[in-house]
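This structure is a prediction, so every number in the text was calculated from the model and none was measured. Chain naming here is simple, since letters A, B, ... match the order of the sequence lines and numbering starts at 1 in each.
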Amino acid sequence: MKFRGKIIDIACLNHFTRVVTTISKLTKMCVLRLTPDNLFFVLSGKVANGGVSMWCELSQANFFDEYQMEGVSSEDNEICLEVTPENLSRALKTVQNAKAVKVKLTKKHCPCLTIAAELPTLSSVSRVVTHDVPVDVIPRRLWHEFKEPSMPDFDVSIYLPPLKTMKNIVDRMKNLSNFLVIEANLNGEMNLKIETDLVSVTTHFRDLGNPPWGDDASQDGGPSQSRDPESMVEARVDIRRLQQFLVGQQVNPSKAMCNIVHQSVLHLILLHEDMSLQYFIPAVA
Amino acid sequence: MPLSTQSQGDDEQYVLVANLDNARNLSNILKAITFKDHAIFTATTNGLKVTVEDSKCLQANAFIQAEIFQEFTIREDLVAFQINLTVLLDCLNIFGGTTTPGVSTALRMCYKGYGYPLTLFLEEGGVVTVCKINTQEPEEPIDFEFCSTNVTNKVILQSESLKEAFSELDMTSEVLQITMSPSQPYFRLSTFGNAGNAHYDYSKDSDMMELFKCTETQTNRYKMSLLKPSTKALALSCKVSVRTDNRGFLSLQYLVRNDDGQICFVEYYCCPDEEVEEN
C-alpha cells in the first residue's frame, strides 16, 4: 500500500483544510477511503453515533497537484484508513502558508498519515514541519461497511433555507426540546417544529423550491405516485444531530437540499464547488 | 404570512394583543429580571408589568408602557398569568440573539384568557415562527408596602458609576451593606468577604450624583445572592435611584432606554437581611 500526494496551490490547501475541519465537527472518527480518483470521508451509521451516517466525496484532482496511490492489491486498488479528522485538521492548519504540503502514508511506530511542509521564515533557511497523524488500516473484509450509500426512496426533496438561519433557530429550539420534527412538501414549504409540555414552536419557511428530480425517486421505474404538493412528509430527529450538522458548516454551499423519507430518514445534501457531503439522520418515533 | 394581515376576526377572541416592530424592545428588558424561571405577567391599559420574585424577599418588576408597543389592545381591566420566562426569552430570540443592524424581529403577542397559552408570532426576513407557551394561574405578587412617605433616604446616580462597583463586588461576601447618610460617607457600598472588607464611597457632591436626599444615617445589609441579579438591570440602565424606607427595605429603580430610545423602568425591592447587629 502506498500513498503520496502534494498540494501546491494555496487556495486548494485552504479548501482541503476547510473540508477536513468540517468533517471534524461532524464526527470524532471516520474512515478515509483513497482511490485513484477520489478521497472519501465516510461514517457508517452505528448505534454509537445515533445511527447517523455521512458520505463526503472529493475529487483528488481538485486539490492535489501530485497524487500517487497503490491500493491493497490491483483488483482492490484502494486504501481504507480509520482516522481522527481533528488531528488532520490541526496539522493542516499549521501549514497554511507553506509553499507545498506533502501527505504520505507512512509507517512510524504505527501507520500514519504524515503531513510535511516547508514553511517560510524570516531568514533564508526554511523551517520543516512534520506531523504524523496516526491511522488504523481497515482490512478488506470490512470494506463493505463503507460503501457509497444509495439514494433513499424519498418522499419529498426540497432545498434548505439559508444554513445560518436554520442554525440560529435550531440552536434555540435545542434549549426547549430534545427532538425536532422537520416536515416539507413539494410546494417548497418546510416547517421545523418542536413540542413539549411547556411550549410548542413552529417555524415556517416558504418558497424554498424543490430540486427537479421529480416527486418519485424510485429506481424501479414503477408508477410515479403523484403526491399532492401541499401534503407534508416529516421526520422526527434528535435535535443534537441536526445541530451538529449545522455547526459544522463553515462555508455556504452552492446547493443545499434535503430528502425526507416519511418517518424514516432525513437525508441532507450539500454540494460545494469541489466536494459533496451527504448526511443521514435516522428518524425516531 | 406578514403579521399585519392577521384577520380582524382573529383579534376578537384575544383579551390581549400586543405588537412590536422590534422584539428586542421586550426581550432586552426581560433579560434584566430573568433570575428565576417563572414570571407573573400583568397587563392593564397602561401596559405590561412583568414580575419575578425570589424567596419572598426580593421582587423585580419590568414595566413596558402601552406606548412602547405599535399596538396594545386589552379587552379586560386586568389580564394576568404566570409563564416560564426562560422559555419566553428563547422564543423571543428564536432567530438568534444578535441580528444585523437594520434587521429586526417583529412580534405579535396574543392571549385568549385564563387557561390558554400565550401565542407569539415572530417574523424576520419573511420567515414566521409561531410559539404557544403554556400559562399558569398567576400568584399574587408580594406587596412590599414601600411608599414614598416612608422613604428616609434617596439618591439618584448615573449608572456608569455604579456599574464599575457592582462588577467588582466581592462575591465571597454574603451581604451587601448600604450606608446612606446626610453626612460622611454619604453613600457607601460595603462587602465583607474572604479578601477582607471593601468600601465604595459616593460623595453627595460627585458629578455622578444627580439627586441626594438623605434625612438620617442608615446602614442596612442585604443578601448578596438576592441583589446579584440586579446587576443585569444596572448594565442596561443609564440612571438608578436607590431608596430605603424606615424599615430598611430597599428600592432600586432603573431607567432603561430601548433600541428606539424609549424609556422603560425596572425596579427591584429587597428586604433587609435579618441577622444584622445594630451598630
Do other residues, nucleotides or ligands put more than 12 heavy atoms under 6.0 Å from the [atom1] atom of [X]?
X: A:R236; atom1: CZ; result: yes
X: B:K232; atom1: NZ; result: yes
X: B:F166; atom1: CZ; result: yes
X: A:N97; atom1: CG; result: yes
X: B:E139; atom1: CD; result: no
X: B:Q136; atom1: CD; result: yes

Proximity breakdown for A:D207 and chain B, heavy-atom pairs closer than 4.5 Å =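 Neither the backbone nor the side chain of A:D207 comes within 4.5 Å of chain B.
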[atom1] of [X] to [atom2] of [Y]: how many Å apart, nearest 0.5 Å?
X: B:E124; Y: A:N168; atom1: CD; atom2: CG; answer: 8.0 Å
X: A:L198; Y: B:L88; atom1: CG; atom2: CG; answer: 12.0 Å
X: B:F95; Y: A:T165; atom1: CZ; atom2: OG1; answer: 8.5 Å
X: B:N134; Y: A:D197; atom1: CG; atom2: CG; answer: 8.0 Å
X: A:I194; Y: B:C131; atom1: CD1; atom2: SG; answer: 8.0 Å

Sub-4.5 Å side-chain heavy-atom contact between [X] and [Y]:
X: B:I94; Y: A:M173; value: yes
X: A:L176; Y: B:V87; value: yes
X: B:T129; Y: A:H204; value: no
X: B:V127; Y: A:T203; value: yes

Got a donor-acceptor contact below 3.5 angstrom from the A:R172 side chain to the B:N93 backbone?
->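 Looks like yes, one N/O pair under 3.5 Å.
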Considering only heavy atoms, which portion of B:N84 lies under 4.5 Å from any heavy atom of chain A: side chain, backbone, both, or neither?
-> side chain
